[in-house]
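Heads up: the structure comes next, in structure tokens.
Counting starts at 1 for both ligands and their atoms, following the listed order.
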Amino acid sequence: MRSTSRPVILTGDRTTGALHLGHYVGSLRNRVELQHTHQQYVLLADSQALTDNADHPGKVRRSVMEVATDYLAVGIDPSLSTICLQSALPALAELTLLYLNFVSVARLERNPTIKDEIQARGFGRDIPAGFLCYPAAQAADITAFKATVVPVGEDQAPIIKQTNELVRRLNRQIGRALLPEAKALIPTTGRLPGVDGKAKMSKSQGNAIPLSASDAEIATAVQRMYTDPNHLRASDPGQVEGNVVFTYLDAFDPDAEAVAELKADYRRGGLGDMVLKRRLTGILQSIIAPIRDRRSELAADPDTIMDILRAGAERGRQVTEQTKMEIIEGLNLFRL
Ligand code: TRP
């Protein structure tokens, strides 16, 4: 069914809540394209979600179905992509434990992604050990699928770098290039800001537009959007840079020329925020409506989703068990 000569992609999301428009522009949209040219595995990273959610296992569990529903609703097609539940693939956990012997605590602590998180959340020495070690776990994910392309946000680039260090270390120990190095595929479109203008759209910040948003919710979110605080009257010249409505139009409006004209009008003065917001509302509603409808159809049929997850796990187990055996043999470890 799939050509094995296609480059292998591994991508995925921590299951910590339903996905939103930020995920849609940053990754989901690309996955729908890439599944036609690549052998794509999409990981529901529930084990990784637990590394900083040990207090919220219920959230992690419930989010598995939520995120799976989002995947299918945006058009990730289980006949083209394999959706894998991380916790259903024991080889990933086994490889993680093995890989932890090939990396030092100092190196894990130096990982910029980890360092930033320790800082941002004030973990200090109380960082959960699983969280500190998640770069090794992600290296296990990536190598178990022998993925060479890993689409991730910019903040994840250091994880891929560390994965490749582990790949080289393991290959050196094994004595041949058993595992391929992976390339991070970072989206060229910048991160979508929250509706409040904060740098990142995030459910926990309450500034996200979920893929299940109703037309009214979309309208309200756009209404609240940050524009130019000095643009008090329509006749005033307005600023486009840092204006969230324009950032969103750049990301979603299919008519780039029209957006360029609107920007010129806005700068000149004479174009009101309301006109822009009405345009953006219509565009977002037309993008989200089919996703939302598909989402509710799917949500009404959880058995079908479960079947897709079971089939994906089955396929994922085959691939990851195979790689695990190759590594064990490569390292010449004892086998009963
Ligand atoms: N760490 C990724 C994120 O937070 C999720 C993830 C887990 C992942 N395993 C992966 C992404 C493997 C790509 C490949 O977004």
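- Looking only at atom types and distance, the side chain of Gln138 has no donor-acceptor partner in the side chain of Gln162 under 3.5 Å away.
- Residue pairs meeting the ring-ring contact (aromatic ring centres under 6.0 Å, His included) criterion with at least one partner in residues 184-223, sequence neighbours excluded, are absent.
- Within the structure, the ring-ring contact (aromatic ring centres under 6.0 Å, His included) test picks out the following pairs touching residues 260-287 (sequence neighbours left out): His231-Tyr266, Phe246-Tyr266.
- For the pair Arg267 and Asp228, the salt-bridge criterion is not met [side-chain N within less than 4.0 Å of a carboxylate O].
- For the residue pair Thr113 / Asp155, no side-chain donor-acceptor distance below 3.5 Å is found, with atom types taken as modelled.
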Once you restrict both partners to nitrogen or oxygen, which atoms of ligand 1 have a protein partner under 3.5 Å, and how far apart are they?
| unit_1 | atom_1 | unit_2 | atom_2 | d |
| --- | --- | --- | --- | --- |
| ligand 1 | 1 (N) | Gln48 | OE1 | 2.7 |
| ligand 1 | 1 (N) | Gln138 | OE1 | 2.8 |
| ligand 1 | 1 (N) | Gln156 | OE1 | 2.9 |
| ligand 1 | 4 (O) | Arg14 | NE | 3.4 |
| ligand 1 | 9 (N) | Asp141 | OD2 | 2.9 |

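- Pairs engaging residues 57-89 under the ring-ring contact (aromatic ring centres under 6.0 Å, His included) rule: none recorded [sequence neighbours left out].
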